[in-house]
K.L.:
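Just passing along the structure, written as structure tokens.
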Amino acid sequence: MSELRSEFMNIFQNRGYMHQCTDLEALDAAFAEKPVTAYIGFDCTARSLHVGSLMQIMILRHLQKSGHKPIVLMGGGTTKVGDPSGKDESRPVITDEIIQENMDGIRKVFEKFITFGDGPTDAVMVNNDDWLSSLEYIPFLREYGRHFSINRMLTFDSVKLRLDREQSLSFLEFNYMILQAYDFVELKKRYDCSLQIGGSDQWGNIVNGTELGRRTNSFSLFGLTTPLLTTSSGAKMGKTASGAIWLNEDMLSAYDYWQFWRNTEDADVGKFLRLFTELPLDEIARLESLEGAELNEAKKILADNCTRLAHGDAAAQEAAETARRTFEMGETAESLPTTEIGKTELDEGIPAFALFNRVGLCQSSSEARKLIKGGGARLNDEKITDEKQVLTSGDVNETGRIKLSAGKKRHHLILPV
């Protein structure tokens with residue numbers, strides 16, 4: 001492949017975002033010649049995005065910083081349908097009110113990473129419900145449905161995997177790829193958007209959009225995908241044993257977010273620094289070459305930079321200082337995540353497993369019992385040996401709190417009120 005000309009495509013390739021492109025040479029030329037408008041779609045199924053979406057968010061940030069215009073397409077319409085890609089079952093139907101609440105929460109994530117406004121490279125957030133909900137079924141099928149082959153649609157992974165597992169795929173979900181293709185055409189008409197970016201599981205849907213634009217309007221559209229991202233141990237990004245790593249602080253504290261990155265597996269440090277920070281590539285090469293205790297310093301740099309992007313400088317500094325005081329100096333830091341519980345309730349006693357679940361150190365009571373049985377649960381830095389142990393006001397330590405720990409690196413304080 002010849003050397004890439006454009007700043008954005010060089011970033012895309014050199015930082016590890018590249019997987020597939022419909023026409024790499026032509027897309028690179030387009031980026032080199034003038035500002036390009038590109039979009040990534042996000043459905044509104046929760047009040048926040050999690051780390052599994054962070055690679056796409058960083059791509060939009062790089063896009064804007066290299067002089068191009070990002071569109072954040074919110075799937076207010078397609079959320080009502082449900083994308084079958086990577087799903088084993090149909091998505092639950094949610095109301096318009098919940099979809100709007102989720103969109104409002106998701107916008108807060110993006111405002112940390114990209115700049116919205118009316119300028120030529122300012123980002124815009126668009127809701128595909130603006131055009132999908134007003135479509136008339138028969139005219140839509142006549143104009144656009146005839147361009148889709150059922151035979152071909154059945155070969156796409158998003159459909160094929162569900163059918164291979166003999167899991168139900170509703171006609172509603174089957175329509176998703178047609179609507180996503182139509183989104184691309186509509187964004188080209190409204191915003192002169194010529195590029196859709198998405199995960200590798202979206203390749204079939206993206207190609208459908210480029211072809212639909214060519215067949216219906218002679219549009220020249222491009223598709224670009226990123227690789228499926230997993231940790232070196234094979235775990236899916238964004239989810240952990242303790243739950244999703246949310247990007248909004250009201251759903252996951254900046255301290256817990258910092259800790260997630262600090263706990264990165266050794267083999268992933270370089271990759272994550274390239275994908276999720278803006279550190280220069282030569283500095284990343286130096287950091288990922290470190291070994292032993294020195295590699296832990298690279299992990300702290302990763303945690304600092306990721307937390308700074310998502311939560312700001314002050315939150316990143318506080319999280320790092322909290323970690324230093326807690327783990328390097330053995331102190332119970334005031335800024336650890338804290339839950340207030342009434343003194344009356346504490347006087348009566350709460351089972352340890354129930355409390356671990358309640359404060360979010362475990363996602364269920366059964367998970368908490370398993371943690372205790374495995375020796376990973378601690379009360380005021382002492383191992384809990386009995387899963388039936390009841391915690392009371394008598395467990396309040398000298399700081400006036402109860403400290404719960406799941407493993408060595410996840411802590412929570414209980415404050416009696």
K.L.:
Please determine, by modelled atom types, if Ser364 and Asn357 share a side-chain donor-acceptor pair under 3.5 angstrom.
P.N.:
no
K.L.:
If we ignore angles and hydrogens, is there a donor and acceptor under 3.5 Å between the side chains of Gln13 and Tyr17?
P.N.:
no
K.L.:
Taking side-chain hydrogen bond (donor to acceptor under 3.5 Å, both in side chains) as the cut-off, I'd like each qualifying pair that reaches into residues 284-295, sequence neighbours left out, listed once.
P.N.:
Arg274-Glu288, Glu283-Arg286
K.L.:
When you look at CZ of Arg378, are more than 12 heavy atoms from neighbouring residues, nucleotides or ligands closer to it than 6.0 Å?
P.N.:
yes
K.L.:
Are His311 and Tyr257, when compared by the centres of their aromatic rings, separated by less than 6.0 Å?
P.N.:
yes
K.L.:
Is the number of heavy atoms from other residues, nucleotides or ligands within 6.0 Å of NZ (Lys370) greater than 12?
P.N.:
no
K.L.:
Just wondering, are more than 12 heavy atoms of other shown residues or ligands nearer than 6.0 Å to NZ in Lys343?
P.N.:
no
K.L.:
Think Arg369 forms a cation-pi with Phe353, using NZ or CZ under 6.0 Å from the six-ring centre and within 45 degrees of its axis?
P.N.:
yes
K.L.:
Under a plain distance cut-off of 3.5 Å, with no hydrogens placed, do Ser200 and Gln20 share a side-chain donor-acceptor pair?
P.N.:
no
K.L.:
Pick from Asp266, Asp268, Asn263: which one makes a side-chain hydrogen bond (donor to acceptor under 3.5 Å, both in side chains) with Lys299?
P.N.:
Asp266
K.L.:
Do His411 and Ser405 have side-chain atoms, one donor and one acceptor, less than 3.5 Å apart?
P.N.:
yes
K.L.:
Rounded to the nearest 0.5 Å, what's the gap from CG on Asn102 to CZ on Arg107? Could you check?
P.N.:
15.5 Å
K.L.:
Regarding Gln202 and Gln196, do their side chains bring together a donor and an acceptor under 3.5 Å, going by distance alone?
P.N.:
no
K.L.:
Just checking, is any N or O donor in the side chain of Asp192 or Thr37 under 3.5 Å from an acceptor N or O on the other one?
P.N.:
no
K.L.:
Between Phe31 and His68 (judged by ring centroids, cut-off 6.0 Å), do the two rings come close enough to count as a pair?
P.N.:
yes
K.L.:
Could you check whether Arg308 pairs with Asp313 (Lys NZ or Arg NE/NH1/NH2 to Asp/Glu carboxylate O, under 4.0 Å)?
P.N.:
yes
K.L.:
For Thr115 and Asp122, does a side-chain donor sit closer than 3.5 Å to a side-chain acceptor?
P.N.:
no
